[in-house]
Asker: 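Structure incoming, see below.
Letters go in sequence order (proteins before strands), and every chain restarts at 1.
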There are 2 protein chains.
Amino acid sequence: MSTRERILETALRLFNETGTATVSTNHIAQALGISPGNLYYHFRNKEEIIRALFERLFALWDEGGSLPADRPATLEDLQQVVRESYRLLWEYRFVYRELVALLRHDEHLRQRWLEVRARGFDGFYALIDAFVAAGVLRLPDDPAVLPRLAELVWLISEFWLPSVEVSGEPMNPAHMEHGIALMLQVLDPYIVKP
Amino acid sequence: MSTRERILETALRLFNETGTATVSTNHIAQALGISPGNLYYHFRNKEEIIRALFERLFALWDEGGSLPADRPATLEDLQQVVRESYRLLWEYRFVYRELVALLRHDEHLRQRWLEVRARGFDGFYALIDAFVAAGVLRLPDDPAVLPRLAELVWLISEFWLPSVEVSGEPMNPAHMEHGIALMLQVLDPYIVKP
DNA sequence: GTCTATATCGCGATAGAC
DNA sequence: GTCTATCGCGATATAGAC
């Protein structure tokens, strides 16, 4: 692995462990066993490291969020998308922990974030809408229900993990499944039972 | 106002604006127009200031979270509780933005947080349960539904505000009402219509 | 590409005068 | 209770040898 990539791996680990504020460029270099000067050869500063980690996360999102194009999507597919989203958020958990501060500190990063996030939400919205069209879900006439359901599912997929972290319990796979159950609870009253 | 209280007010404002990490004790003293030495007379360090701010938030929660004892609670009461919760979270918005890092850094604070949070969740659970008992809500036989609904309502009341912040739009009262609507969306399928 | 050495800066914290 | 002065430390960042 290239030095640049090893810097990113180490930074990600340290950021997840104790946060970007307490982890200095010196810490990263020392944990990796290289000199501070060497690190500065690869990245101009800590901000650039953070940007690069965000871009890696964005790329993973774009890979994992897609659905099978050859058949109609099922509720299983929705679960799978949310499960994958949880997994990535866990791997990059420093991101959501510090998101507001990080975006405030870096306008360029903020623009990128808003773009990628909007794409992600549109995907969720289209998915729920497709379920309605396919008869998997039956919604009431009120046209406000669909957007609200999409927002709720999105909110859960973004914040379930931080919610568990705040509770103080160590994260485990059962927590992930519980988050899936909460998401399904929101949709359950509208699921057309066979 | 005492100097101690003015320090807390200034620290709260600065923490909300740019986060605890970038705000030093020097910054707080300078913004307030006192000397760094004076600040250290009132607080041993920044950690103590943060603890004091958390305690102020806890006290406000305990005040605002109670329901009228002289009559059965209504869905209006639930909305009011959540609305008040949003207001406090906005006033102390640095808390949720940095919660995981702050609790990790201060074990004492973490214990206090878990205590207060558990009380708050129990209140929500009891409230939803009371609605079922009073016939305002009718739930299916599945005993897992009640706890899931309580968790969802709780999740929304905790994370709706951070969710709006992350979206990049400036906060406004309409966002608060939209958060209320999302919470009601979760309960709506179970509300007994007259 | 990687190292060592170093310059500059600001933070946290304390001592002691008033 | 509030101030000034100051010390020690660690972080960011760069220069220049290898």
Asker: Take the protein atom OH of B/Y41 and the nucleotide atom P of C/dG16, then report the distance between them rounded to whole Å.
Answerer: 18 Å

Asker: For a quick test of reading the model: is some side-chain N or O of A/N38 closer than 4.0 Å to OP1 or OP2 of C/dC3?
Answerer: yes

Asker: In terms of the nearest nucleotide of DNA chain D, which residue is placed more toward the 5' end: A/G37 or A/H27?
Answerer: A/H27

Asker: Using whole Å, report how far CD1 of B/I28 lies from P of C/dC11.
Answerer: 11 Å

Asker: Dump the intermediate steps for side chain to side chain contact (heavy atoms under 4.5 Å, CB included) on B/L102 and B/W113, then the final yes or no.
Answerer: CA-CA 11 Å; B/L102 292 174; B/W113 178 267; over 6 Å; no

Asker: Can you find a side chain N or O atom of B/T3 that sits less than 4.0 Å from OP1 or OP2 on D/dT2?
Answerer: yes

Asker: How close or far is atom P of D/dA5 from atom OH of B/Y40, stated in whole angstroms?
Answerer: 19 Å

Asker: Among the candidates C/dC3, C/dG1, C/dG12, find the nucleotide nearest to the side-chain atoms of B/T25.
Answerer: C/dG12

Asker: Looking at the side chain of A/S35, which of C/dG12, C/dC3, C/dG1 is the nearest nucleotide?
Answerer: C/dC3

Asker: Rounded to whole Å, please give me the gap between CE in B/M1 and C1' in D/dG1.
Answerer: 17 Å

Asker: Going through the distances and angles, do B/F159 and B/Y96 end up as a side chain to side chain contact (heavy atoms under 4.5 Å, CB included)?
Answerer: CA-CA 8 Å; B/F159 287 99; B/Y96 262 86; 4.1 Å; yes

Asker: Calculate the interatomic distance between A/K46 atom NZ and D/dA11 atom P; express it in whole Å.
Answerer: 9 Å

Asker: Can you measure B/Q30 atom CD to C/dG12 atom C1' for me and round it to whole angstrom units?
Answerer: 16 Å

Asker: Angle class for the B/F54/B/F58 ring planes (parallel below 30°, perpendicular above 60°, tilted otherwise)?
Answerer: perpendicular

Asker: Compute whether any side-chain donor of one residue and acceptor of the other, for B/Q80 and B/E76, lie under 3.5 angstrom apart.
Answerer: no

Asker: Looking only at atom types and distance, does a side-chain atom of A/T10 sit under 3.5 Å from a main-chain N or O of A/R6, one as donor and one as acceptor?
Answerer: yes

Asker: In whole angstrom, give the distance that lies between atom CG of B/N26 and atom P of C/dC11.
Answerer: 5 Å

Asker: Could you tell me how far apart B/L39 (CG) and C/dT14 (P) are, to the nearest whole angstrom?
Answerer: 13 Å

Asker: Taking 4.0 Å as the cut-off, does a side-chain nitrogen or oxygen of B/S24 come that near to OP1 or OP2 on C/dG10?
Answerer: no

